[in-house]
Structure formats: structure tokens, C-alpha cells
Trainee: 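What follows is a structure written as C-alpha cells; I'll ask about it next.
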Amino acid sequence: MLPPQRIAGRERRAFHWRTASPWTTCVRVACCSRLRFMWFALMVLTVLCVALQMLGVVRQARSAKVLKLVSEQLVRMPAEIHRPIKRNDWENIWSVSAAIAEEPVDQHPFIQRRDESENTRSEEGRDRVLEDTRKQLTSTTEAAPPIETNKLWLGQEFPNQPRRPAYPQKTPKIKKQPHTDEINRYTVKSRADNTATCHPKNHIVFLKTHKTASSTILNILYRYGESHNLTFALPLNMHSQLFYPAFFAAHFVEGVRTRSVKEFHILCNHMRFSSLEVRKVMPKDTFYFSILRNPVAMMESLFVYYKAIPAFRAVRSLEEFLIQGGRSYNASVPNNHYARNILTFDFGLDNTAPENGTDLDRRSAEVIAAMERDFPLILISEYFDESLVLLKHVLCWSLDDVSSFRLNSRSERSRRPLSAETAERVKEWNSLDWRLYQHFNATFWKRIDSTLGRTKLRQEIELLRTKRRNLERMCLQEGGAVDPAQVQDSSLKPFQYGAAVIQGYNLRQELNNDTRRLCQRLITPELQYTSALYAKQFPQLAAARAAAAKKIAASRNAATHRAVKRNVETYVHTAMSNNTSHNNKNKAIVDEHSLHILTKSVTHRGRQSNFDVTKQYNKIKRNSHKHTAQKHFINSNVHKESQEPGFLR
């Protein structure tokens, strides 16, 4: 029998196992077995071995990096190193290399100091680096001779040689682009003065405001981005705007949701600005700018262009709208935002102006502070050439990059001058926009005075206007803008909206291919250029959408043809049943022939609407009824005459 102590211990253990929780029991069974303990120990040892191997690989890579640096420096040494070297010189070189290879970790502070000396390019920095290097080498090995006697390290100067910089600068190579003689005559790139001080900016956000000559700025950005193979943040689904007037969202840009575009360079289409959403799309070093216009002239243009909105629809003139105090304006009605403080609205701010003067001052200060925080540059439309020169300097571009023609401009016959009284009412109605314009107009000239100066500004404006005149003589047939009815190429006709007459351009016929391509980019309207860039940037999506649009147009034409055919058959059947005489049959045949011609023309054109078809159908039907009435009148007269006795004679 077992001793009582062992029996009691076994009972206690059995009780403990019975009362323990299931997960505790599993852990004990998994970990307390000897075989499992051995497996755990082997796994830990394996992980340690792998970690040690990885650490060795890292140290070897660091050593290889330092050795590679040494080899690069030896390659950079002057040509005199290739002279016949004595045995002592070879021993000195190998001793220096061996000293560096033995202690690669100690070289990292030296490498960092070397980079600092390269950035400063100063003699003191090079002397300090050489002195530190000599101290490190002499303390590491006694066999290495002093650096000053050999001067075979890091491209120092040699005896009987002119002094040269320790780290030669790499001269930037300018890629030559093929140009014809005619283009070289007028479009010579002149970035030599800019590259020495700054680098061209390629990450740009331009807030395109309404009726402020922003379409011309858009064309400049389009041409620059296309010539430098930059990526545009274009609207989703081939839209022309970024779902304006809704606040901008990152998923409004094509390629963001599908992540098919890794980096966007330029964002410049119409949108209502939202800083947080824009920064989700554009990089951190993006440059933001926009353009403003005098609210008085802008209000006159807005009234003509957006005459169909509810706020302007009920009045006959802008003067009547302002005299009524904007009685037809309701901020909650869609599209009425065009009628008041449109600039403040485009910048993503509240365009409701307080009536109290103190509140208006405070609100204006808040709006100005918000705009200055997000936009370091605001251009002025009334000083467009001055704005282009300033933009050229801020972006580090050339005058050729900012040379342009006026796009989306109205004809003079659609402009109306405003009286002084009407101008004051416009300023009062658009009080927020007027204060924005006053503030940024002043800061615009302050910036010109602090960066360029008035003398240099006038010189560059003259150069810009000379380039524009040369481009007009080279590209344009009439030498300037023409009315839309006179534009010969239908693909270059500007979009017409409202009561405004938007002008276009005609190209000269004798241009060669390269010159025509350059000139065509200068005059391409906004909608056509946006579609072309979308097709270039997303060719598969553009082809799919073009095929879908073609299919929809074909189905609409087929439905129109079927509707016209049903109307023709119904009318012919009615005409044939009602007209039993020979004349009526001939008339019905004539009517049927007319309707057949109408149906055939609708089928070939494919654009005739149901309204026009129904209108022509009713016209033919009225003519038929008129002919039937005349026939009944003749038959009744014949019947009356047959009843008279004289008729029998």
C-alpha cells in the first residue's frame, strides 16, 4: 500500500486538476511536456541564429558601402595619379585603404561632415575634413604616412597643378528638343537666368475662379504640363469641372479611388476649394495660387453669361436687379451663388455678407486670413500681363511658358458699360468680394515692388507682348480673335453659354506640322483641351466612354426613327381610308412621298428631335385637311349644280 502522505498528495493534485479552468489545463499540457519543451528550445535557438545572420549581413553591407565610397573617391582623383607610381606610393595607398577598411563604422561621422562640406563648398570645411581624416588615420595605423606628404586622398591638389575644388560640381545637361526654324525664331527657351537661382515648380494647384481670365491661365498650365509630361488631376468620368458647386473631395479626381495614378502634378479645373481634401491629392510641396477680378466688371459679365439662373431670370437688366435690392435672389436656390460674392464662394468660404459694418469688417478679415493661409500668390485680372510676369518668376518658368492668347473672351458687341451709380451698387451688393479685391490688389503691387521692381517689370512686359505679337503673326489667320460663326474648324469652336458671344481663332493654312501643333495648343478651348488630356492620360477609360456614348446616340436615333415611322404609317392609313376619290388618292400618295422624304432625312441625320418631327408632321396633316375640305366644298357645289334644270342642258 502507498503511504498516506502520497495518497493525500495525489488526491490534492486530482482535486486541483478537476477545479482548474480548461485554458489553464491546455497551457500546462502544451508547455509542461518534456518533448514540447525541447521543441520550444530549438525554435528559440533557430530564431537567434537567423537574427545573428541578418546582423552580419547588415554589417557587411555597411562595410561594402564605405569601401564603395573609397573607390569612388579614388576614381575622382586628378589625372596626375596615373603617372608612374613608385613602390612607396603604392604602399601608402594600400595602407590608407586598409586602415579605412578595418574600421568602417568610424567613417560615418566623416561621411556626414563630408556632405556638409560639399553643401557649403568652403575652403575651411575642406581643411577641417582633411585634418580630421589625418588624425583618424594616424591613430588607426602607424604604417600610414601623413596625408600632407602624399596628398593622394579625396582629390586634393598635387604639386605643379592648379588648385581645383575638392568635389567637382556636375553641370546640368539641358536636353535639346527638335524645333523647326520658324519655332526657333519666336519660341527660344531662356531659362539660363532662372536655373541659377531656383528650380521650376511642377506641383501646382490653381483655383480657377469664374469670369476672371482664368481660362487663359488654365491653357498655360495645360501646355506646360503636357510639354513636360506631367500628370493632371482631372475630373472623374470626363467631366469638365470637379463637380462644382459642391465642395471638392479627393474622390472627384480620376485615378484616386482606383489608385491608378501614383502622383499628381497639376490641379487646375473648376472646383469649390477645400484645403483638407486637396492636400489628400497633391504633394506637400505644392504651390497654390489663384486670380481675382474687379467685382464691378465681373458682375456685368456674370449677368450676361448666367442670365438663365433664377436670380437673374426675372429681371431684364443688371440695373433693375440692383435697384430692387436683389429681391429675386435666394441663396438656398441652386445656381444662385453666381449672383453674389462668387469669389468668396469659390474659395470655399461663406459668401453671406453681414449688413452691419463692424460685422462686415470682422468677416472680411477672417476671409482674407483664410485665403492668405492657403494661397501665397493671388493674381489680378486687370493687370494680366503683370500677373504673368510675376507668375513666371514665382514658378521659375520662362517667358515662353507664360505666353498665351486670350481664351473664353467675349465679343465687344456683347459688353455693356456700367454707370458710376450702378458700379457703387455692385460694390455694395458684393461687399465681401470688393474687400477681397482691394486687399489683394494692394498686396499684389507690394510683392512686385519687393521682388521685381517697376523698371524690370516694364521690360519683361514688353518682351512678353512682343512674343505674343510674334505668335499672332505666326499662328493666326486674321491676326486676332473672331466671332464663333467665323471659326472654320468646328473642333476649335468655344462653348457658347447664356447671352455672351465667346470668340475663337482660326489658324493659318500654310503652317507645318510642328508649328501647327504649337499654335493649336495655344487656341484650343478649355473643354476640348480637357477631353484631349483625359484621353491621353486615361486612354482605356476614354475609349470605353466614347463607345458607350456612341451606342447611346445610336439607340436614340433608332427610337426617333421608329416613332416617326409609326406616325407616318398611321397618317397614311388614315389618309387612304378617308379619301376614296382618285384625286384624294393622288394627294395621299403625294403626302406619303413627302413623309417618306422626311423620314429618310431624319434617318440620315440622326439628330432630328421628336419635337421637330411632330411639328413637320402636323404641318403636312393640316395641309391634307385643308385639301380635303376644299374637295368636300367642290363636291357640294357640283351636287347643287346637278339639281338645277340648266345643268341637264
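All of these numbers come straight from a predicted model, not from anything done at the bench.
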Trainee: Output the distance between atom SG (Cys268) and atom CG (Leu207), rounded to the nearest 0.5 Å.
Mentor: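 Separation between the atoms: 11.0 Å.
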
Trainee: So how far is it from Gln528 CD to Leu533 CG, rounded to the nearest 0.5 Å?
Mentor: 12.0 Å

Trainee: Does the side chain of Tyr383 come within less than 4.5 Å of Trp445's, by heavy atoms?
Mentor: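 Trp445 reaches Tyr383 side chain to side chain.
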
Trainee: Given side-chain contact (heavy atoms from CB on, under 4.5 Å), test Val278 with Met271 step by step and report yes or no.
Mentor: CA-CA 10 Å; Val278 171; Met271 64 174 171; 4.1 Å; yes

Trainee: Hey, does Thr451 have a side-chain heavy atom less than 4.5 Å from the side chain of His393?
Mentor: no

Trainee: Mark yes or no for whether Asp385, through its side chain, and Ile461, through its backbone, hold a donor-acceptor pair below 3.5 Å.
Mentor: no

Trainee: Please examine the side chains of Ser387 and Ile291, heavy atoms only from C-beta on, and report whether any two atoms are closer than 4.5 Å.
Mentor: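 In short, these two side chains do not touch, never coming nearer than 4.5 Å.
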
Trainee: Mark yes when over 12 heavy atoms from residues, nucleotides or ligands other than Glu428 sit less than 6.0 Å from its CD; otherwise mark no.
Mentor: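 No, because the 6.0 Å sphere around CD of Glu428 holds 12 heavy atoms or fewer from other groups.
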
Trainee: Verify, without hydrogens or angle tests, whether Arg340 (side chain) and Asn330 (backbone) share a donor-acceptor contact under 3.5 angstrom.
Mentor: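 No, Arg340 side chain to Asn330 backbone: no donor-acceptor pair under 3.5 Å.
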
Trainee: I need the minimum non-hydrogen distance between Ser381 and Ala213, along with the two atoms involved.
Mentor: OG-CB, 3.8 Å

Trainee: Out of curiosity, Leu318 CG to Lys307 NZ, how far, rounded to the nearest 0.5 Å?
Mentor: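 Rounded to the nearest 0.5 Å, the CG-NZ separation comes out at 10.5 Å.
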
Trainee: Are side-chain N/O atoms of Ser411 and Ser414 paired as donor and acceptor at under 3.5 Å?
Mentor: no

Trainee: Testing the basics here: between Tyr437 and Asn294, what is the closest heavy-atom pair and its distance to 0.1 Å?
Mentor: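 Closest heavy-atom pair between Tyr437 and Asn294: CE1-N, 3.4 Å.
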
Trainee: Thr422 and Arg425: side-chain donor and acceptor closer than 3.5 Å?
Mentor: no

Trainee: Does the plane of the ring in His210 sit parallel, tilted or perpendicular to the ring in Tyr306? Use 30° and 60° as the thresholds.
Mentor: perpendicular

Trainee: Hey, are the side chains of Leu395 and Val402 touching, using non-hydrogen atoms and a 4.5 Å cut-off?
Mentor: no

Trainee: Between Phe347 and Thr209, is any pair of side-chain heavy atoms under 4.5 Å apart?
Mentor: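 When only atoms from C-beta onward are counted, Thr209 and Phe347 do touch, with a gap below 4.5 Å.
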
Trainee: Give a yes or no on whether a salt bridge exists between Glu462 and Arg465, defined as a side-chain N under 4.0 angstrom from a carboxylate O.
Mentor: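 No, Glu462 and Arg465 are not salt-bridged.
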
Trainee: Is there side-chain contact between Tyr529 and Arg223, with at least one heavy-atom pair below 4.5 Å?
Mentor: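 When only atoms from C-beta onward are counted, Arg223 and Tyr529 do touch, with a gap below 4.5 Å.
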
Trainee: Within the side chain of Thr515, is there an N or O that forms a donor-acceptor pair under 3.5 Å with the backbone of Asn512?
Mentor: no

Trainee: For the backbone of Asp350 and the side chain of Arg363, can you confirm whether one donor and one acceptor N or O come within less than 3.5 Å of each other?
Mentor: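 Judged by distance alone, yes, a pair lies under 3.5 Å.
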
Trainee: Backbone N or O of Ala308 within a donor-acceptor pair of the Arg313 side chain at under 3.5 Å?
Mentor: yes

Trainee: Quick one: CG on Asn219 to CZ on Arg406, what's the gap to the nearest 0.5 Å?
Mentor: 14.0 Å

Trainee: Could you check Glu277 against Lys280 for salt bridge (Lys or Arg N to Asp or Glu O under 4.0 Å), going step by step and ending with a plain yes or no?
Mentor: CA-CA 5 Å; Glu277 292 294 323; Lys280 293 179 182 179; 3.0 Å; yes

Trainee: Cation-pi between Arg279 and Tyr288: NZ/CZ under 6.0 Å from ring centre and within 45° of the ring axis?
Mentor: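 Yes.
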
Trainee: Under 3.5 Å, is there a donor-acceptor pair linking the side chains of Asn506 and Glu478?
Mentor: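 Looking only at side-chain atoms, Glu478 and Asn506 do form a donor-acceptor pair, the distance falling under 3.5 Å.
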
Trainee: Any donor and acceptor pair, going by atom type alone, linking the side chain of Lys427 with main-chain N or O of Trp434 inside 3.5 Å?
Mentor: no

Trainee: Sub-3.5 Å donor-acceptor pair from the side chain of Arg468 to the main-chain atoms of Phe405, do we have one?
Mentor: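 Flag not set: sc Arg468 to bb Phe405 has no pair under 3.5 Å.
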
Trainee: Give a yes or no on whether the backbone of Asn351 and the side-chain of Asn341 come within a donor-acceptor separation of less than 3.5 Å.
Mentor: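 Flag set: sc Asn341 to bb Asn351 pair under 3.5 Å.
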
Trainee: Examine distances only and state if a side-chain atom of Ser317 and a backbone atom of Glu320 form a donor-acceptor pair shorter than 3.5 Å.
Mentor: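 Pair found, side chain donor or acceptor close to backbone of Glu320.
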
Trainee: Determine, stepwise, if the pair Leu349 / Met371 fulfils side-chain contact (heavy atoms from CB on, under 4.5 Å).
Mentor: CA-CA 9 Å; Leu349 305 170; Met371 291 174 59; 4.2 Å; yes

Trainee: Start with the C-alpha distance between Glu366 and Arg362, add both sets of side-chain angles, then the distance that settles side-chain contact (heavy atoms from CB on, under 4.5 Å), and finish with yes or no.
Mentor: CA-CA 6 Å; Glu366 294 175 354; Arg362 178 180 54 81; 3.3 Å; yes

Trainee: Flag the pair Thr530 / Phe232 as yes when at least one side-chain heavy-atom distance between them is below 4.5 Å, and no otherwise.
Mentor: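 Not in contact.
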
Trainee: Before we go on, tell me: are the rings of Phe321 and Phe303 under 6.0 Å apart, centre to centre?
Mentor: no

Trainee: Taking the cut-offs as 6.0 angstrom to the six-membered ring centre and 45 degrees off its axis, would you call Arg521 and Tyr222 a cation-pi pair?
Mentor: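 Relative to the ring axis of Tyr222, which defines the angle, Arg521 lies outside at least one limit.
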
Trainee: Side chains of Met298 and Asp433: closer than 4.5 Å at any heavy-atom pair?
Mentor: yes

Trainee: At their closest point, which heavy atom of Ser215 faces which heavy atom of Lys208, and how far apart are they?
Mentor: OG-NZ, 3.4 Å

Trainee: Which class fits the ring pair Tyr224 and Trp397: parallel under 30°, tilted 30 to 60°, perpendicular over 60°?
Mentor: parallel

Trainee: Under a 3.5 Å distance rule, please check whether Asp346 uses its side chain to pair with a backbone N or O of Arg272 as donor and acceptor.
Mentor: no

Trainee: Identify the two heavy atoms, one from Leu242 and one from Phe248, that lie closest to each other, and give their separation to 0.1 Å.
Mentor: CD1-CE1, 3.8 Å

Trainee: Should the heavy atoms of other residues, nucleotides or ligands under 6.0 Å from CG of Asp285 be counted, would the total exceed 12?
Mentor: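 For Asp285, atom CG is crowded (more than 12 foreign heavy atoms under 6.0 Å).
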
Trainee: Dump the intermediate steps for side-chain contact (heavy atoms from CB on, under 4.5 Å) on Leu236 and His251, then the final yes or no.
Mentor: CA-CA 8 Å; Leu236 190 69; His251 62 270; 5.8 Å; no

Trainee: Check Arg517 with Asp514, please: is the shortest side-chain N to carboxylate O separation under 4.0 Å?
Mentor: yes

Trainee: Going by atom types only, do Ser398 and Asp401 share a side-chain donor-acceptor pair under 3.5 Å?
Mentor: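 Yes, because at least one side-chain N or O of Ser398 sits under 3.5 Å from a partner of the opposite role on Asp401.
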
Trainee: So how far is it from Glu319 CD to Glu300 CD, rounded to the nearest 0.5 Å?
Mentor: 9.0 Å

Trainee: Ring-plane angle category for His239 and Phe243, please: parallel below 30°, perpendicular beyond 60°, tilted otherwise.
Mentor: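 Taking Phe243 first and then His239, their aromatic rings sit tilted (interplane angle of 30° to 60°).
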
Trainee: For Arg416, I'd like to know if atom CZ has over 12 heavy atoms of other residues, nucleotides or ligands within 6.0 Å.
Mentor: no

Trainee: More than 12 heavy atoms of other residues, nucleotides or ligands under 6.0 Å from CZ of Arg415: is that the case?
Mentor: yes

Trainee: In Å, rounded to the nearest 0.5 Å, how long is the span from CZ of Phe206 to CG of Leu218?
Mentor: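 Going from the CZ atom of Phe206 to the CG atom of Leu218 covers 7.0 Å.
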
Trainee: Does Phe273 have its ring centroid less than 6.0 Å away from the ring centroid of Phe375?
Mentor: yes

Trainee: Taking atom types as modelled, find out whether Asn470 and Arg473 have a side-chain donor-acceptor pair closer than 3.5 angstrom.
Mentor: yes

Trainee: Which heavy atom of Ala331 sits nearest to which heavy atom of Tyr329, and what is that distance?
Mentor: CB-OH, 3.6 Å

Trainee: What pairs of donor and acceptor atoms, side-chain ones from residues 542-552 against any protein atom, are under 3.5 angstrom apart with sequence neighbours left out?
Mentor:
unit_1: Arg545; atom_1: NH2; unit_2: Asn237; atom_2: OD1; d: 2.7

Trainee: Between Leu492 and Pro525, what is the shortest heavy-atom contact and its length?
Mentor: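 So the two residues come closest at O-CG, 3.5 Å.
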
